[in-house]
Every structure is written in structure tokens, then in C-alpha cells.
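If you read the sequence from its start, that first residue is 1, and numbering goes on from there. Please read all numbers here as calculations on a predicted model, not as lab measurements.
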Amino acid sequence: MVKAVVLGAAGGIGQPLALLLKANPLVTELSLYDIVNTPGVAADLSHISTQSKVTGYLPPPKGSDLPADDGLKKTLAGADIVVIPAGIPRKPGVIRDDLFKINAGIVRDLATGIATTCPKAAVLVISNPVNSTVPIVAEVLKKHGVFDPKKVFGVTTLDVVRASTFVAEVLGDLSLVSKVSVPVVGGHSGVTIIPLLSQSTVPLPSSLDQSTVDALIKRIQFGGDEVVKAKDGAGSATLSMAYAGALFAENVIKALKGATGIVVPTYVNLSAHEGGQVIQKELGSSIEYFSVPVTLGPNGVEAINSLGSLSSQEQSLISAALPELQESITKGVQFIQAPKL
């Protein structure tokens with residue numbers, strides 16, 4: 001029995017993500033929460049002929065005698081895995097950092113619900129900016145004394161999905177996409193996204209000129225901007241993010257149910273495993289959060305794996321990413337630790 005929860009389930013990512021989870025045979029119960037429309041989304045999904053039972057909850061209406069978090073508690077009760085795509089989307093001209101003030105407050109409140117209702121659940125954070133929202137979730141859980149670094153994940157799978165797709169396009173053969181796997185490490189915005197092209201399972205040809213490689217790296221780093229621009233104010237990368245989120249959630253669920261050998265990049269607190277100290281030595285930094293290849297297990301992060309052999313260009317990309325990543329982490333931590341006025 002696996003209960004999966006989507007917080008922000010009526011939004012652009014939330015609805016297709018909920019659909020994909022409903023279609024997943026590993027999910028036996030699917031519980032949805034948002035500030036609007038969730039009962040309707042749940043009713044719609046409940047007609048799909050898969051085994052999972054679907055429920056949808058809202059906050060109580062204004063003036064209700066119910067506690068403010070009543071709907072959230074009902075959603076989260078008994079959850080095994082909680083996926084958080086809640087928040088406002090990016091629009092043209094808006095960088096992830098601009099979303100911070102609004103999305104930080106949303107994620108804080110949802111994390112409080114998790115801490116008090118289902119503290120042992122695996123928490124998958126999609127809400128941007130991930131580099132800051134994952135530390136926010138962690139700090140809230142710490143305040144409640146229930147933080148388990150093995151169970152809190154920043155979902156960076158979309159960067160991996162994009163890397164596989166874009167490499168196959170450069171190779172001129174999209175049929176290779178299922179064979180292409182590129183580890184993507186660092187963070188989940190702009191220059192903090194570091195594709196390790198030297199470790200691609202389908203190597204780039206040595207004859208490829210440097211300008212093409214540079215353009216490929218930039219496209220992987222700023223692929224979200226491509227979608228935001230193409231949608232022309234109508235949203236951001238919602239469908240591809242829902243696919244990537246469902247893919248990562250499936251891997252976490254498989255590991256929770258006992259599957260072994262699942263290794264995926266994800267943005268985690270490096271204290272989750274002693275391998276995090278190895279990563280810090282490889283980076284030459286005491287940074288607390290980094291997207292790294294982790295081995296998943298029944299308790300979440302089973303191992304944090306080495307970054308492996310890096311090219312000189314990849315080492316330069318890491319050096320460029322660390323200051324921005326540290327700033328984002330600090331911003332998330334300070335958001336929770338700062339005294340409320």
C-alpha cells in the first residue's frame with residue numbers, strides 16, 4: 001500500500017503530475033491538495049480505471065469553524081510520499097529567484113503540515129527556486145525535531161531529462177534518447193545546473209566542436225527559459241516537469257518497496273550519508289546542499305555517490321556554480337530562522 005500526496009495539485013504541474021501518479025500501478029491511494037479546484041480534479045481522476053483511490057481537499061472556507069489546516073491534515077494523513085509542485089509559475093522576464101518571496105511562504109506552510117502530520121514521509125520538492133525551497137523544508141522539519149536528511153529531495157530530474165533529449169538531438173538520432181543518460185549535478189537553476197557530459201552513456205563524438213558543446217551546456221542550463229519564452233506568458237515548463245516529477249516519484253516508491261540499485265541525481269542535504277563528506281572534499285567546499293547521484297533505498301537516501309572523473313570544463317562549471325548555490329541555500333535557511341515581525 002502506497003499513499004502518494006500532491007500539494008498544489010490543481011496547478012499547471014500538479015494536474016498532469018496527479019494524472020501520471022494515478023496511472024502508476026504502484027500507487028494505491030492518491031490524495032490531492034490545493035487552494036482551489038482540488039475536489040474537481042480528484043473527481044475527474046477517480047474515473048480512470050486504475051487501482052488507486054483519489055481524494056481531493058481544500059482549505060476551509062473563510063469564516064469556517066474548522067482549523068485553517070484541516071484540509072491539509074486530511075490530505076497528508078498516512079502519506080508515504082509527498083510531492084510539492086505548489087507555488088506561482090515563472091513568466092517571461094522572471095527568474096527563479098523572483099519567485100522566492102511568494103513560494104517560500106507557501107512551501108514553509110506546507111512543510112509545517114508535513115512536520116506535524118506525516119513526518120516520516122519522503123518529501124519531493126518541485127516548487128521553485130528548488131535551491132532555496134529544499135533548505136526551507138529542512139529548516140521547518142528541524143524546528144519540529146523531525147528532520148531526516150535521507151527523506152527530503154529536491155527534484156532535479158527535469159535537468160536530466162532535458163540533457164538526455166538534447167544530447168540525442170545533437171547526435172541527430174532521437175531514437176537514442178532512451179539510451180542516453182547524463183548525470184546532472186549542482187543545483188536547479190541556470191549556472192548551478194552542471195551536466196556531466198563526459199559521463200554520458202552515449203558519448204559525444206570527439207569531433208564535436210567546442211562551440212556546439214558550449215551551446216548544449218547552456219541549453220541544458222537554461223532550458224526552462226526556452227519554454228517560458230515559447231509559452232509567451234501562458235506558463236512555464238509544466239508538462240515536462242510533471243513527467244520528470246512522476247519519474248522521480250516512481251523511483252522513490254520503488255526503492256521504498258524494496259527495489260535495489262536505483263541511482264538518480266537529486267538535490268539533497270549532504271549530511272544524508274557519509275558520502276556527502278566525500279562530495280564536499282571533491283568540491284573543496286563545506287556546502288550543505290548539492291545535487292548528486294544518490295542510491296535510493298527503503299529509508300530514502302541509501303548512499304551518496306562520488307561525482308566521478310570530471311573534465312576541466314566541468315570543474316570550471318562547478319566553481320562558477322558554488323557561490324550562487326551557497327547564496328540560495330543561505331536565503332532559504334535565513335527565511336525560516338529570521339524572527340517574525
Tabulate below the donor-acceptor pairs under 3.5 Å that side-chain atoms of residues 244-255 make, not counting sequence neighbours, or state none.
| residue | atom | partner | partner atom | Å |
| --- | --- | --- | --- | --- |
| Asn251 | ND2 | Leu247 | O | 3.4 |

Pairs under 3.5 angstrom only: tabulate donor-acceptor contacts from the side chains of residues 208-216 to other protein residues two or more places apart or in another chain.
| residue | atom | partner | partner atom | Å |
| --- | --- | --- | --- | --- |
| Asp209 | OD1 | Thr212 | OG1 | 2.9 |
| Asp209 | OD2 | Ser211 | N | 3.3 |
| Asp209 | OD2 | Ser211 | OG | 2.2 |
| Asp209 | OD2 | Thr212 | N | 3.0 |
| Asp209 | OD2 | Thr212 | OG1 | 3.0 |
| Gln210 | NE2 | Asp214 | OD1 | 2.9 |
| Gln210 | NE2 | Gln313 | OE1 | 3.2 |
| Asp214 | OD1 | Gln313 | NE2 | 2.8 |

_Criterion side-chain hydrogen bond (donor to acceptor under 3.5 Å, both in side chains) on Gln315 and Ser311, from CA distance to verdict_ = CA-CA 6 Å; Gln315 290 171 341; Ser311 70; over 6 Å; no
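Judged by distance alone, with hydrogens and angles left aside, the side-chain atoms of Lys74 form no donor-acceptor pair with the main-chain N or O of Leu58 at under 3.5 Å. In this structure, Ser328 contributes its side chain and Ser132 its backbone to no donor-acceptor pair below 3.5 Å. For the pair His273 (side chain) and Gly275 (backbone), a donor-acceptor distance under 3.5 Å is present. Under the 3.5 Å distance criterion, the side-chain polar atoms of Lys22 are matched with a main-chain donor or acceptor of Thr50. Counting only distance, with no hydrogens or angles, the side chain of Ser64 and the backbone of Pro60 share no donor-acceptor pair below 3.5 Å. With hydrogens and angles ignored, the 3.5 Å screen pairs no side-chain donor or acceptor of Gln280 with any backbone N or O of Ser285. Gln199 places no side-chain N or O within donor-acceptor distance of the main-chain N or O of Val182, the cut-off being under 3.5 Å. Counting only distance, with no hydrogens or angles, the side chain of Ser164 and the backbone of Val180 share a donor-acceptor pair below 3.5 Å. Side chain of Asn131 to main chain of His188: a donor-acceptor pair is present (N/O by atom type, distance under 3.5 Å, no hydrogens or angles). A distance-only check finds a donor-acceptor pair linking the side chain of Ser316 to the backbone of Ser312 [under 3.5 Å].
Under the 4.5 Å side-chain heavy-atom criterion for ILVMFWY residues, no single connected hydrophobic cluster contains both Val185 and Val278.
Glu324 and Ser189 make their closest contact through OE2-OG, 3.9 Å (heavy atoms, listed as atom of the first residue, atom of the second, distance). Val82 and Ala121 make their closest contact through CG2-CB, 4.0 Å (heavy atoms, listed as atom of the first residue, atom of the second, distance). Across all non-hydrogen atoms, the minimal contact from Leu141 to Ala111 is CD2-O, 4.1 Å. Listed here is the closest heavy atom pair of Ala9 and Leu32: CB-CB, 3.5 Å.
With sequence neighbours excluded, the residues satisfying side-chain contact (heavy atoms from CB on, under 4.5 Å) with Ala237 are Leu158, Arg162, Val227, Ser240. Applying the side chain to side chain donor-acceptor pair (under 3.5 Å) test to Ser46 and every residue at least two apart in sequence or in another chain returns nothing. Residues passing the side chain to side chain donor-acceptor pair (under 3.5 Å) test with Lys281: none are found, sequence neighbours excluded. Partners of Ser271 by side chain to side chain donor-acceptor pair (under 3.5 Å), not counting sequence neighbours, listed by chain and number: Asn269. Residues satisfying the side-chain contact (heavy atoms from CB on, under 4.5 Å) criterion with Ile35, sequence neighbours excluded, are Pro59. Shown here are the side chain to side chain donor-acceptor pair (under 3.5 Å) partners of Ser181, two or more places apart in sequence or in another chain: there are none. When the side-chain contact (heavy atoms from CB on, under 4.5 Å) test is applied to Ser291, the partners found at least two apart in sequence or on another chain are Thr156, Pro265, Tyr267.
Ion pair Lys229/Asp225 not flagged as a salt bridge, since none of the NZ, NE, NH1 or NH2 atoms sits closer than 4.0 Å to an Asp/Glu carboxylate oxygen. The pair Arg219-Glu169 meets the salt-bridge criterion, with a side-chain N (NZ, NE, NH1 or NH2) lying under 4.0 Å from an Asp/Glu carboxylate O.
Annotation: side-chain hydrogen bond (donor to acceptor under 3.5 Å, both in side chains) contacts involving residues 27-42, sequence neighbours excluded, comprise Ser31-Thr55. Every pair passing salt bridge (Lys or Arg N to Asp or Glu O under 4.0 Å) that includes a residue from residues 131-150 is listed here, sequence neighbours excluded: Glu139-Lys142. Among residues at least two apart or in separate chains, there is no salt bridge (Lys or Arg N to Asp or Glu O under 4.0 Å) pair with a member in residues 293-317.
Between Ile318 and Leu283 the shortest side-chain heavy-atom distance falls below 4.5 Å.
Considering Ile84, Val146, Val140 as possible partners of Ile114, the one that fulfils the side-chain contact (heavy atoms from CB on, under 4.5 Å) test is Ile84.
Side-chain atoms of Asn103 and Thr133 form no donor-acceptor pair, as typed in the model, at a separation below 3.5 Å.
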